[in-house]
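In what follows, a single structure is set out as C-alpha coordinates and then discussed.
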Amino acid sequence: MNALLLPLLLLASRPVATQTEKPNIIYFLVDDLGYADCGFNGGKDIKTPNIDKLAKEGAILKSFYVQPVCSPTRSALMTGRYATHTGVYTIVRPNAPWGLPLTERLLPQALHEVGYTTAICGKWHLGDYQPSYTPTRRGFDHQYGHLFGAIDYFTHLRDGKPDWYRNDKPLQEEGYSTHLVAKEASRLIREQPKDKPLFLYLPFNGIHAPHQVPESYEKPYASLPKPRRTIAGMLAAVDEAIGQVVATLDEKGLRKNTLIIFSSDNGGPGPGKVTMNTPLRAGKGTIYEGGIRAASFATWPGRIPAGQTIHEPLHAVDWLPTLVKLTGATSPQKLPVDGLDIWPVLTKKARSPHDAILLAGTKPGTVALRRGDWKLLVGASEADAEEGSASEKPTGKLELYNLADDISEKNNLAASHPEKVKELRLRLDAFLKDAVPSGADVVKTAKPTVPTQNTSTRNALFDQKDTNQDGKLSLEEFLKGPSNQTNPKQAEARFKNFDTNKDGSLSREEFVSQGKIESP
(Lines give C-alpha, C1' and ligand atoms only; values in the text may rest on other atoms or scores of the structure.)
Protein backbone atom coordinates (compact mmCIF):
# COMPACT_ATOMS: atom_id res chain seq x y z
CA MET A 1 0.00 0.00 0.00
CA ASN A 2 1.17 3.50 -0.80
CA ALA A 3 2.53 4.97 2.45
CA LEU A 4 1.13 8.36 1.55
CA LEU A 5 -2.42 6.96 1.38
CA LEU A 6 -2.29 5.20 4.75
CA PRO A 7 -2.92 8.30 6.97
CA LEU A 8 -5.87 9.30 4.78
CA LEU A 9 -7.41 5.83 4.99
CA LEU A 10 -7.00 5.74 8.75
CA LEU A 11 -8.63 9.15 9.03
CA ALA A 12 -11.54 8.06 6.86
CA SER A 13 -12.11 4.98 9.06
CA ARG A 14 -12.58 7.02 12.22
CA PRO A 15 -16.12 7.85 13.36
CA VAL A 16 -16.82 11.53 12.83
CA ALA A 17 -18.93 13.23 15.50
CA THR A 18 -21.69 15.06 13.67
CA GLN A 19 -24.84 16.79 14.85
CA THR A 20 -26.96 14.03 13.33
CA GLU A 21 -25.34 11.54 15.74
CA LYS A 22 -26.62 13.46 18.75
CA PRO A 23 -29.85 11.92 19.99
CA ASN A 24 -33.16 13.65 19.74
CA ILE A 25 -34.49 14.16 23.27
CA ILE A 26 -38.15 14.25 24.21
CA TYR A 27 -39.22 14.89 27.80
CA PHE A 28 -42.87 14.13 28.60
CA LEU A 29 -43.82 15.79 31.89
CA VAL A 30 -47.34 14.94 33.08
CA ASP A 31 -48.88 17.39 35.55
CA ASP A 32 -50.17 16.04 38.90
CA LEU A 33 -49.91 12.40 37.82
CA GLY A 34 -50.25 9.93 40.68
CA TYR A 35 -47.46 7.42 41.32
CA ALA A 36 -49.82 4.50 40.55
CA ASP A 37 -52.08 6.07 37.91
CA CYS A 38 -50.33 4.45 34.93
CA GLY A 39 -50.36 0.73 34.26
CA PHE A 40 -46.56 0.42 34.17
CA ASN A 41 -46.37 1.58 37.79
CA GLY A 42 -49.21 -0.45 39.25
CA GLY A 43 -52.31 1.32 37.95
CA LYS A 44 -55.38 -0.87 37.46
CA ASP A 45 -58.34 1.33 36.59
CA ILE A 46 -57.01 3.58 33.77
CA LYS A 47 -55.71 2.30 30.45
CA THR A 48 -52.40 3.86 29.39
CA PRO A 49 -51.21 1.56 26.56
CA ASN A 50 -48.87 4.02 24.81
CA ILE A 51 -47.15 5.09 28.02
CA ASP A 52 -46.88 1.49 29.25
CA LYS A 53 -45.36 0.32 25.97
CA LEU A 54 -42.65 2.98 26.17
CA ALA A 55 -41.91 2.08 29.79
CA LYS A 56 -41.55 -1.61 28.92
CA GLU A 57 -39.10 -0.73 26.13
CA GLY A 58 -36.75 1.02 28.56
CA ALA A 59 -35.97 1.48 32.25
CA ILE A 60 -38.68 2.13 34.83
CA LEU A 61 -37.31 4.42 37.56
CA LYS A 62 -38.99 3.34 40.79
CA SER A 63 -37.20 5.86 43.02
CA PHE A 64 -37.16 8.99 40.88
CA TYR A 65 -37.61 12.12 42.98
CA VAL A 66 -39.05 15.49 42.03
CA GLN A 67 -40.32 18.48 44.00
CA PRO A 68 -43.69 18.61 45.83
CA VAL A 69 -45.30 21.11 43.42
CA CYS A 70 -45.11 22.36 39.83
CA SER A 71 -42.61 25.23 39.45
CA PRO A 72 -39.82 23.77 41.63
CA THR A 73 -39.68 20.54 39.62
CA ARG A 74 -39.52 22.50 36.38
CA SER A 75 -36.74 24.61 37.86
CA ALA A 76 -34.81 21.47 38.89
CA LEU A 77 -35.12 20.00 35.39
CA MET A 78 -34.04 23.19 33.67
CA THR A 79 -31.10 24.03 35.97
CA GLY A 80 -29.86 20.79 37.54
CA ARG A 81 -29.99 22.63 40.87
CA TYR A 82 -31.97 22.12 44.06
CA ALA A 83 -34.59 24.61 45.20
CA THR A 84 -32.21 25.62 48.00
CA HIS A 85 -29.92 27.11 45.34
CA THR A 86 -32.45 28.61 42.91
CA GLY A 87 -34.95 29.93 45.48
CA VAL A 88 -37.81 28.26 43.54
CA TYR A 89 -39.34 26.36 46.46
CA THR A 90 -42.94 27.08 45.57
CA ILE A 91 -45.25 28.02 42.71
CA VAL A 92 -44.58 31.09 40.58
CA ARG A 93 -48.04 32.60 40.22
CA PRO A 94 -49.35 34.98 37.53
CA ASN A 95 -48.20 38.57 38.02
CA ALA A 96 -45.71 37.52 40.69
CA PRO A 97 -42.67 39.83 40.59
CA TRP A 98 -40.20 36.92 40.57
CA GLY A 99 -39.36 33.76 38.67
CA LEU A 100 -36.52 31.37 37.91
CA PRO A 101 -33.50 33.67 38.42
CA LEU A 102 -31.94 35.01 35.25
CA THR A 103 -28.51 34.06 36.55
CA GLU A 104 -29.35 30.40 35.92
CA ARG A 105 -28.14 28.75 32.71
CA LEU A 106 -30.87 26.43 31.51
CA LEU A 107 -30.76 23.05 29.78
CA PRO A 108 -32.13 24.38 26.45
CA GLN A 109 -29.40 27.03 26.42
CA ALA A 110 -26.73 24.36 26.83
CA LEU A 111 -28.25 22.14 24.12
CA HIS A 112 -28.75 25.05 21.75
CA GLU A 113 -25.03 25.75 21.90
CA VAL A 114 -24.26 22.31 20.43
CA GLY A 115 -26.69 22.55 17.55
CA TYR A 116 -30.03 21.46 18.96
CA THR A 117 -33.35 22.92 17.95
CA THR A 118 -35.07 23.52 21.28
CA ALA A 119 -38.83 23.63 21.78
CA ILE A 120 -41.36 23.70 24.61
CA CYS A 121 -44.99 22.68 24.05
CA GLY A 122 -47.14 22.99 27.15
CA LYS A 123 -46.78 24.64 30.54
CA TRP A 124 -43.80 26.86 31.44
CA HIS A 125 -44.63 27.98 35.02
CA LEU A 126 -41.29 29.64 35.75
CA GLY A 127 -42.34 33.27 35.51
CA ASP A 128 -43.15 36.03 33.05
CA TYR A 129 -42.26 38.94 35.32
CA GLN A 130 -40.31 40.51 32.47
CA PRO A 131 -39.88 39.33 28.85
CA SER A 132 -36.44 38.06 29.87
CA TYR A 133 -38.12 35.39 32.05
CA THR A 134 -40.12 33.81 29.22
CA PRO A 135 -39.14 30.63 27.33
CA THR A 136 -37.81 32.18 24.12
CA ARG A 137 -35.42 34.27 26.23
CA ARG A 138 -34.27 31.21 28.20
CA GLY A 139 -32.94 29.04 25.39
CA PHE A 140 -36.03 27.80 23.55
CA ASP A 141 -36.24 28.38 19.80
CA HIS A 142 -39.96 27.57 19.84
CA GLN A 143 -42.62 28.06 22.52
CA TYR A 144 -46.23 26.96 22.39
CA GLY A 145 -48.79 26.69 25.16
CA HIS A 146 -49.33 28.46 28.45
CA LEU A 147 -47.10 30.25 30.92
CA PHE A 148 -48.96 29.29 34.12
CA GLY A 149 -51.09 26.48 35.53
CA ALA A 150 -54.77 25.75 36.07
CA ILE A 151 -55.94 27.04 32.70
CA ASP A 152 -59.33 26.09 31.27
CA TYR A 153 -58.57 23.24 28.87
CA PHE A 154 -60.96 24.54 26.20
CA THR A 155 -60.88 28.34 26.46
CA HIS A 156 -57.26 28.58 27.72
CA LEU A 157 -58.32 31.19 30.28
CA ARG A 158 -56.93 31.47 33.78
CA ASP A 159 -58.73 33.75 36.21
CA GLY A 160 -60.69 35.14 33.26
CA LYS A 161 -57.56 36.07 31.30
CA PRO A 162 -56.09 34.31 28.23
CA ASP A 163 -52.95 32.26 28.85
CA TRP A 164 -52.04 30.78 25.47
CA TYR A 165 -49.01 31.75 23.41
CA ARG A 166 -46.83 30.93 20.45
CA ASN A 167 -43.24 32.11 20.77
CA ASP A 168 -44.32 34.10 23.82
CA LYS A 169 -46.84 36.12 21.79
CA PRO A 170 -50.58 35.89 22.66
CA LEU A 171 -52.40 33.36 20.51
CA GLN A 172 -56.15 32.99 20.07
CA GLU A 173 -56.87 29.36 19.34
CA GLU A 174 -59.68 26.93 20.05
CA GLY A 175 -59.32 23.32 21.07
CA TYR A 176 -58.65 20.96 23.96
CA SER A 177 -55.16 21.85 25.18
CA THR A 178 -53.83 18.26 25.35
CA HIS A 179 -54.80 17.73 21.71
CA LEU A 180 -53.24 21.03 20.66
CA VAL A 181 -49.94 20.30 22.41
CA ALA A 182 -49.69 16.91 20.67
CA LYS A 183 -50.51 18.46 17.29
CA GLU A 184 -47.86 21.16 17.70
CA ALA A 185 -45.23 18.68 18.88
CA SER A 186 -45.91 16.44 15.88
CA ARG A 187 -45.64 19.43 13.55
CA LEU A 188 -42.25 20.37 14.97
CA ILE A 189 -40.98 16.80 14.55
CA ARG A 190 -42.16 16.64 10.94
CA GLU A 191 -40.55 19.98 10.08
CA GLN A 192 -37.29 19.38 11.92
CA PRO A 193 -34.27 19.55 9.56
CA LYS A 194 -32.61 16.16 9.10
CA ASP A 195 -29.18 17.53 9.96
CA LYS A 196 -30.18 18.97 13.37
CA PRO A 197 -31.02 17.17 16.60
CA LEU A 198 -34.19 18.14 18.47
CA PHE A 199 -34.83 18.77 22.17
CA LEU A 200 -38.60 18.74 22.65
CA TYR A 201 -39.96 19.44 26.14
CA LEU A 202 -43.65 18.54 26.53
CA PRO A 203 -44.94 19.61 29.96
CA PHE A 204 -48.65 18.76 29.56
CA ASN A 205 -51.19 20.57 31.72
CA GLY A 206 -53.07 17.27 31.88
CA ILE A 207 -54.03 15.97 34.43
CA HIS A 208 -53.94 19.13 36.58
CA ALA A 209 -57.16 20.81 37.70
CA PRO A 210 -59.58 22.04 36.46
CA HIS A 211 -60.71 18.52 35.67
CA GLN A 212 -61.98 18.77 32.11
CA VAL A 213 -62.04 16.41 29.16
CA PRO A 214 -64.26 15.79 26.11
CA GLU A 215 -67.12 13.52 27.14
CA SER A 216 -66.02 10.71 24.81
CA TYR A 217 -62.90 10.14 26.92
CA GLU A 218 -64.95 9.64 30.10
CA LYS A 219 -67.35 7.07 28.64
CA PRO A 220 -65.05 4.02 29.02
CA TYR A 221 -64.77 4.86 32.75
CA ALA A 222 -68.46 5.29 33.57
CA SER A 223 -68.11 2.87 36.50
CA LEU A 224 -65.65 5.15 38.29
CA PRO A 225 -66.93 7.89 40.61
CA LYS A 226 -66.12 11.52 39.88
CA PRO A 227 -63.63 13.14 39.93
CA ARG A 228 -61.70 9.91 39.29
CA ARG A 229 -63.78 9.28 36.16
CA THR A 230 -62.75 12.63 34.68
CA ILE A 231 -59.12 12.10 35.69
CA ALA A 232 -59.21 8.77 33.85
CA GLY A 233 -60.45 10.47 30.70
CA MET A 234 -57.82 13.21 31.01
CA LEU A 235 -55.01 10.67 31.40
CA ALA A 236 -56.36 8.67 28.48
CA ALA A 237 -56.13 11.85 26.38
CA VAL A 238 -52.52 12.40 27.50
CA ASP A 239 -51.70 8.77 26.67
CA GLU A 240 -53.23 9.23 23.23
CA ALA A 241 -51.20 12.42 22.72
CA ILE A 242 -47.95 10.66 23.65
CA GLY A 243 -48.82 7.88 21.22
CA GLN A 244 -49.30 10.44 18.46
CA VAL A 245 -45.93 12.06 19.12
CA VAL A 246 -44.15 8.68 19.10
CA ALA A 247 -45.97 7.71 15.90
CA THR A 248 -44.64 10.89 14.29
CA LEU A 249 -41.11 9.91 15.32
CA ASP A 250 -41.65 6.53 13.66
CA GLU A 251 -43.08 8.20 10.56
CA LYS A 252 -39.92 10.31 10.23
CA GLY A 253 -37.60 7.38 11.00
CA LEU A 254 -36.31 9.09 14.14
CA ARG A 255 -37.34 6.65 16.85
CA LYS A 256 -34.05 4.73 16.97
CA ASN A 257 -32.09 7.88 17.67
CA THR A 258 -34.46 9.40 20.21
CA LEU A 259 -34.16 9.35 23.99
CA ILE A 260 -37.60 9.58 25.59
CA ILE A 261 -37.95 10.58 29.25
CA PHE A 262 -41.24 10.48 31.13
CA SER A 263 -42.18 11.64 34.61
CA SER A 264 -44.74 13.42 36.73
CA ASP A 265 -43.89 16.84 38.12
CA ASN A 266 -44.99 15.85 41.65
CA GLY A 267 -47.10 13.26 43.41
CA GLY A 268 -50.80 13.09 42.76
CA PRO A 269 -53.23 15.33 44.68
CA GLY A 270 -56.20 13.94 46.59
CA PRO A 271 -54.74 10.42 46.79
CA GLY A 272 -57.38 7.71 46.73
CA LYS A 273 -60.06 9.99 45.30
CA VAL A 274 -58.49 12.08 42.56
CA THR A 275 -55.23 10.24 41.86
CA MET A 276 -53.54 7.06 43.11
CA ASN A 277 -50.16 7.13 44.88
CA THR A 278 -50.29 3.57 46.21
CA PRO A 279 -48.31 2.39 48.18
CA LEU A 280 -46.84 5.79 49.05
CA ARG A 281 -47.93 8.05 51.89
CA ALA A 282 -49.79 11.34 51.26
CA GLY A 283 -49.58 13.29 48.00
CA LYS A 284 -48.83 16.50 46.19
CA GLY A 285 -47.44 19.37 48.23
CA THR A 286 -45.80 17.13 50.86
CA ILE A 287 -42.32 15.74 51.44
CA TYR A 288 -43.67 12.27 52.13
CA GLU A 289 -43.00 9.80 49.32
CA GLY A 290 -46.44 10.40 47.81
CA GLY A 291 -45.55 14.02 47.19
CA ILE A 292 -42.04 13.71 45.78
CA ARG A 293 -41.58 10.24 44.26
CA ALA A 294 -42.70 10.31 40.63
CA ALA A 295 -43.83 7.71 38.12
CA SER A 296 -40.96 7.78 35.64
CA PHE A 297 -39.03 5.93 32.96
CA ALA A 298 -36.43 6.49 30.24
CA THR A 299 -36.20 4.65 26.92
CA TRP A 300 -33.86 4.69 23.94
CA PRO A 301 -33.87 1.63 21.65
CA GLY A 302 -30.51 -0.10 21.64
CA ARG A 303 -28.97 2.27 24.18
CA ILE A 304 -31.03 1.80 27.34
CA PRO A 305 -31.63 -1.93 27.92
CA ALA A 306 -35.34 -2.77 27.75
CA GLY A 307 -37.36 -4.38 30.51
CA GLN A 308 -35.42 -2.84 33.41
CA THR A 309 -36.79 -1.77 36.77
CA ILE A 310 -34.29 0.48 38.55
CA HIS A 311 -34.67 1.12 42.28
CA GLU A 312 -31.64 3.38 42.71
CA PRO A 313 -32.54 6.84 44.12
CA LEU A 314 -32.33 9.51 41.41
CA HIS A 315 -33.55 13.11 41.21
CA ALA A 316 -34.86 15.51 38.57
CA VAL A 317 -31.68 17.60 38.97
CA ASP A 318 -29.74 14.69 37.45
CA TRP A 319 -31.11 15.09 33.94
CA LEU A 320 -29.25 18.31 33.10
CA PRO A 321 -25.73 17.00 33.79
CA THR A 322 -26.61 13.66 32.21
CA LEU A 323 -27.88 15.22 28.99
CA VAL A 324 -25.10 17.78 28.87
CA LYS A 325 -22.50 15.01 28.98
CA LEU A 326 -24.43 12.76 26.60
CA THR A 327 -24.70 15.48 23.94
CA GLY A 328 -21.27 17.02 24.39
CA ALA A 329 -22.68 20.32 25.61
CA THR A 330 -19.56 20.94 27.61
CA SER A 331 -19.67 24.71 28.11
CA PRO A 332 -19.21 25.19 31.86
CA GLN A 333 -22.17 26.03 34.05
CA LYS A 334 -21.49 29.31 35.86
CA LEU A 335 -23.29 28.06 38.97
CA PRO A 336 -22.56 24.71 40.67
CA VAL A 337 -24.87 21.89 39.57
CA ASP A 338 -26.39 19.59 42.21
CA GLY A 339 -27.33 16.80 39.82
CA LEU A 340 -25.03 13.96 38.76
CA ASP A 341 -24.60 11.89 35.62
CA ILE A 342 -27.00 8.93 35.84
CA TRP A 343 -26.28 7.42 32.41
CA PRO A 344 -24.33 4.47 33.92
CA VAL A 345 -27.32 3.74 36.15
CA LEU A 346 -29.60 3.54 33.11
CA THR A 347 -27.25 1.57 30.87
CA LYS A 348 -24.81 -0.42 33.02
CA LYS A 349 -26.74 -1.26 36.23
CA ALA A 350 -24.52 1.14 38.21
CA ARG A 351 -25.44 2.34 41.67
CA SER A 352 -26.86 5.80 42.20
CA PRO A 353 -24.08 8.40 42.04
CA HIS A 354 -25.61 10.15 45.05
CA ASP A 355 -24.35 9.66 48.58
CA ALA A 356 -27.55 11.43 49.63
CA ILE A 357 -30.41 13.29 47.96
CA LEU A 358 -31.93 16.53 49.24
CA LEU A 359 -35.73 16.60 49.16
CA ALA A 360 -36.73 20.22 49.65
CA GLY A 361 -40.26 21.20 50.64
CA THR A 362 -42.21 24.20 49.47
CA LYS A 363 -40.66 26.51 52.04
CA PRO A 364 -37.38 26.62 53.94
CA GLY A 365 -37.69 24.56 57.13
CA THR A 366 -39.70 21.80 55.50
CA VAL A 367 -37.11 19.42 54.14
CA ALA A 368 -36.10 15.77 53.90
CA LEU A 369 -32.99 13.77 53.09
CA ARG A 370 -32.66 10.30 51.61
CA ARG A 371 -29.43 8.41 52.18
CA GLY A 372 -29.47 4.78 51.15
CA ASP A 373 -32.74 3.31 52.38
CA TRP A 374 -33.02 5.83 55.21
CA LYS A 375 -35.07 8.99 55.02
CA LEU A 376 -35.13 11.85 57.52
CA LEU A 377 -37.96 14.40 57.42
CA VAL A 378 -38.08 17.76 59.18
CA GLY A 379 -41.36 19.62 59.60
CA ALA A 380 -43.42 17.30 57.40
CA SER A 381 -47.20 17.61 57.06
CA GLU A 382 -49.76 15.61 55.08
CA ALA A 383 -51.54 18.82 54.04
CA ASP A 384 -51.12 19.82 50.40
CA ALA A 385 -48.84 22.86 50.62
CA GLU A 386 -50.36 24.30 47.44
CA GLU A 387 -53.81 24.31 49.03
CA GLY A 388 -52.78 25.09 52.61
CA SER A 389 -52.08 28.37 54.37
CA ALA A 390 -48.98 30.18 53.14
CA SER A 391 -48.45 31.53 56.66
CA GLU A 392 -48.32 28.06 58.23
CA LYS A 393 -44.87 27.58 59.75
CA PRO A 394 -42.91 24.30 59.68
CA THR A 395 -43.16 22.37 62.94
CA GLY A 396 -39.57 21.17 63.12
CA LYS A 397 -40.77 17.66 63.97
CA LEU A 398 -38.30 14.90 63.09
CA GLU A 399 -39.34 11.66 61.40
CA LEU A 400 -37.14 8.75 60.34
CA TYR A 401 -38.12 5.88 58.06
CA ASN A 402 -36.39 2.89 56.51
CA LEU A 403 -37.91 2.85 53.02
CA ALA A 404 -36.69 -0.66 52.27
CA ASP A 405 -38.98 -2.01 54.98
CA ASP A 406 -41.55 0.78 55.12
CA ILE A 407 -42.17 2.46 51.78
CA SER A 408 -45.49 3.77 53.12
CA GLU A 409 -43.72 5.66 55.96
CA LYS A 410 -45.91 4.28 58.72
CA ASN A 411 -43.34 3.52 61.42
CA ASN A 412 -41.42 6.58 62.66
CA LEU A 413 -38.06 5.30 63.93
CA ALA A 414 -36.67 8.66 65.11
CA ALA A 415 -37.00 7.84 68.82
CA SER A 416 -35.47 4.37 68.54
CA HIS A 417 -32.57 5.33 66.25
CA PRO A 418 -31.16 8.60 67.63
CA GLU A 419 -27.69 7.96 66.18
CA LYS A 420 -29.12 7.57 62.67
CA VAL A 421 -31.10 10.78 63.16
CA LYS A 422 -27.92 12.56 64.22
CA GLU A 423 -25.98 11.20 61.23
CA LEU A 424 -28.61 12.24 58.72
CA ARG A 425 -29.17 15.60 60.38
CA LEU A 426 -25.48 16.44 60.01
CA ARG A 427 -25.62 15.49 56.34
CA LEU A 428 -28.77 17.56 55.89
CA ASP A 429 -27.20 20.57 57.59
CA ALA A 430 -24.29 20.34 55.15
CA PHE A 431 -26.75 20.54 52.26
CA LEU A 432 -28.48 23.55 53.79
CA LYS A 433 -25.44 25.61 54.76
CA ASP A 434 -25.67 27.74 51.60
CA ALA A 435 -29.44 27.62 51.08
CA VAL A 436 -30.99 30.77 49.65
CA PRO A 437 -34.37 32.16 50.71
CA SER A 438 -37.51 31.53 48.69
CA GLY A 439 -37.94 33.92 45.79
CA ALA A 440 -41.55 34.39 46.87
CA ASP A 441 -40.48 35.35 50.40
CA VAL A 442 -37.82 37.77 49.18
CA VAL A 443 -40.51 39.64 47.26
CA LYS A 444 -42.86 39.69 50.26
CA THR A 445 -40.27 40.89 52.76
CA ALA A 446 -38.53 43.46 50.59
CA LYS A 447 -38.91 46.88 52.23
CA PRO A 448 -37.96 49.52 49.70
CA THR A 449 -36.79 52.89 50.91
CA VAL A 450 -39.23 55.70 50.17
CA PRO A 451 -39.40 57.22 47.65
CA THR A 452 -39.51 54.16 45.37
CA GLN A 453 -39.24 53.73 41.66
CA ASN A 454 -41.78 51.88 39.58
CA THR A 455 -40.83 48.63 37.90
CA SER A 456 -40.38 50.09 34.43
CA THR A 457 -38.01 52.77 35.73
CA ARG A 458 -36.07 50.21 37.68
CA ASN A 459 -35.77 47.97 34.63
CA ALA A 460 -34.58 50.85 32.50
CA LEU A 461 -31.92 51.66 35.09
CA PHE A 462 -30.79 48.02 35.09
CA ASP A 463 -30.38 48.12 31.30
CA GLN A 464 -28.43 51.36 31.57
CA LYS A 465 -26.03 49.93 34.15
CA ASP A 466 -25.62 46.57 32.37
CA THR A 467 -22.98 47.91 30.00
CA ASN A 468 -21.77 44.50 28.77
CA GLN A 469 -25.36 43.27 28.24
CA ASP A 470 -24.83 39.94 30.02
CA GLY A 471 -28.10 40.13 31.98
CA LYS A 472 -26.51 40.81 35.37
CA LEU A 473 -24.72 43.60 37.21
CA SER A 474 -21.21 43.31 38.54
CA LEU A 475 -20.24 45.47 41.53
CA GLU A 476 -18.37 47.78 39.16
CA GLU A 477 -21.48 48.27 37.01
CA PHE A 478 -23.70 48.73 40.05
CA LEU A 479 -21.48 51.45 41.49
CA LYS A 480 -21.88 53.65 38.42
CA GLY A 481 -24.03 56.72 39.00
CA PRO A 482 -23.79 59.89 41.12
CA SER A 483 -25.60 58.55 44.20
CA ASN A 484 -23.41 55.45 44.48
CA GLN A 485 -20.23 57.40 43.85
CA THR A 486 -21.06 59.79 46.70
CA ASN A 487 -20.75 56.97 49.22
CA PRO A 488 -19.16 53.91 47.56
CA LYS A 489 -18.86 51.91 50.81
CA GLN A 490 -22.55 52.31 51.55
CA ALA A 491 -23.38 51.42 47.95
CA GLU A 492 -21.20 48.30 48.15
CA ALA A 493 -23.03 47.22 51.31
CA ARG A 494 -26.32 47.75 49.48
CA PHE A 495 -25.05 45.63 46.59
CA LYS A 496 -24.27 42.76 48.96
CA ASN A 497 -27.69 43.08 50.54
CA PHE A 498 -29.41 42.98 47.14
CA ASP A 499 -27.38 39.89 46.15
CA THR A 500 -29.78 37.40 47.75
CA ASN A 501 -28.23 34.28 46.21
CA LYS A 502 -24.69 35.48 47.07
CA ASP A 503 -23.20 34.78 43.64
CA GLY A 504 -21.34 38.10 43.46
CA SER A 505 -23.62 39.71 40.88
CA LEU A 506 -27.17 41.08 40.66
CA SER A 507 -29.79 39.54 38.44
CA ARG A 508 -32.49 41.78 37.02
CA GLU A 509 -34.90 40.23 39.51
CA GLU A 510 -32.65 41.05 42.48
CA PHE A 511 -32.05 44.61 41.28
CA VAL A 512 -35.64 45.46 40.39
CA SER A 513 -37.31 43.88 43.44
CA GLN A 514 -35.35 46.08 45.86
CA GLY A 515 -37.00 49.21 44.45
CA LYS A 516 -34.53 51.72 45.86
CA ILE A 517 -33.98 55.10 44.21
CA GLU A 518 -30.63 55.46 42.47
CA SER A 519 -29.45 58.01 39.98
CA PRO A 520 -28.11 56.84 36.64
Side-chain angles (χ1 to χ4, degrees), residues 30-37 41-43 62-73 76 83-84 89-91 149-150 207-209 211 225 227-228 231 263-295 313 315-316 357-370 373-417 421 424-425 428 438 440:
V30 184
D31 205 326
D32 280 7
L33 180 71
Y35 187 73
D37 278 334
N41 228 34
K62 297 295 285 188
S63 297
F64 182 74
Y65 287 96
V66 290
Q67 295 298 123
V69 291
C70 303
S71 299
T73 292
T84 51
Y89 294 84
T90 189
I91 294 165
I207 54 176
H208 194 288
H211 300 144
R228 184 67 177 165
I231 287 291
S263 80
S264 176
D265 63 341
N266 43 250
K273 293 182 179 180
V274 181
T275 62
M276 294 295 176
N277 290 329
T278 310
L280 309 180
R281 178 177 176 179
K284 178 181 179 179
T286 79
I287 55 172
Y288 291 110
E289 294 292 284
I292 54 177
R293 192 189 286 216
H315 194 281
I357 291 178
L358 180 67
L359 306 166
T362 58
K363 61 185 72 175
T366 301
V367 65
L369 175 91
R370 176 164 177 180
D373 291 327
W374 290 95
K375 181 181 174 186
L376 178 71
L377 299 88
V378 182
S381 167
E382 288 199 10
D384 183 341
E386 185 175 345
E387 305 297 334
S389 170
S391 61
E392 183 181 348
K393 294 183 179 180
T395 63
K397 177 185 176 184
L398 295 176
E399 297 173 60
L400 177 70
Y401 300 99
N402 187 319
L403 298 177
D405 303 326
D406 183 19
I407 194 174
S408 302
E409 297 173 292
K410 294 179 179 178
N411 186 21
N412 183 3
L413 302 175
S416 59
H417 289 70
V421 171
L424 297 184
R425 189 62 198 251
L428 179 58
S438 170

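A distance-only check finds a donor-acceptor pair linking the side chain of Tyr35 to the backbone of Lys62 [under 3.5 Å]. Put simply, the side chain of Ser438 gets close to the backbone of Ala440: a donor and an acceptor are under 3.5 Å apart.
The side-chain heavy atoms of Asn402 and His417, taken from C-beta on, include no pair separated by under 4.5 Å. The shortest distance between side-chain heavy atoms of Cys70 and Asp31 falls below 4.5 Å. Within the 4.5 Å cutoff, side-chain heavy atoms of Val378 are placed close to those of Leu398. Looking at His208 and Lys284, their side chains come closer than 4.5 Å, going by heavy atoms from C-beta outward. Pro68 places none of its side-chain heavy atoms less than 4.5 Å from the side chain of Thr286. By the 4.5 Å heavy-atom criterion applied to side chains, His315 and Leu358 are not counted as neighbours.
Residue Arg370 holds its CZ atom at 5.0 Å from CG of Leu403, rounded to the nearest 0.5 Å. Here the CZ atom belonging to Arg281 is positioned 8.5 Å from the CG atom belonging to Leu377, to the nearest 0.5 angstrom. Taking OG from Ser63 and CD1 from Ile407, the interatomic distance works out to 6.5 Å, rounded to the nearest 0.5 Å. In this structure, Lys363 NZ and Tyr89 OH are separated by 12.5 Å, a value rounded to the nearest 0.5 Å. The structure places NZ of Lys375 at 11.0 Å from CG of Leu400, a figure rounded to the nearest 0.5 Å. In this structure, CG in Leu413 is found 5.0 Å from CH2 in Trp374, a value given to the nearest 0.5 Å.
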Practice item. Just do the side-chain contact (heavy atoms from CB on, under 4.5 Å) check on Ile287 and Leu359 with the steps written out, would you? Key: CA-CA 7 Å; Ile287 55 172; Leu359 306 166; 5.5 Å; no
**Study point:** Audit row: Phe64, Arg293, side-chain contact (heavy atoms from CB on, under 4.5 Å) steps and yes/no
**Key:** CA-CA 6 Å; Phe64 182 74; Arg293 192 189 286 216; 6.0 Å; no
Exercise for review: Let me see the working for Val421 and Leu376 under side-chain contact (heavy atoms from CB on, under 4.5 Å), right down to the final yes or no.
Suggested key: CA-CA 7 Å; Val421 171; Leu376 178 71; 4.2 Å; yes
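The nearest pair of heavy atoms linking Gln67 to Ala360 is NE2-O, 3.1 Å. In this structure, Ser408 and Pro279 approach most closely via the heavy-atom pair OG-O, 2.6 Å. In terms of heavy atoms, Val66 sits closest to Ser264 at CG1-O, 3.7 Å. Closest non-hydrogen pair, Lys397 versus Asn412, comes out as CE-ND2, 4.5 Å.
Remark: Glu399 engages Tyr288, Tyr401 in a side chain to side chain donor-acceptor pair (under 3.5 Å) (not counting sequence neighbours). Qualifying side chain to side chain donor-acceptor pair (under 3.5 Å) partners for Ser263, counting only residues two or more places apart in sequence or in other chains: Tyr27.
Under the side-chain contact (heavy atoms from CB on, under 4.5 Å) test applied with Asp37, the options Val274, Ile207, Val30 reduce to a single match, Ile207.
Within the structure, the side-chain hydrogen bond (donor to acceptor under 3.5 Å, both in side chains) test picks out the following pairs touching residues 266-279 (sequence neighbours left out): Asp32-Asn266.
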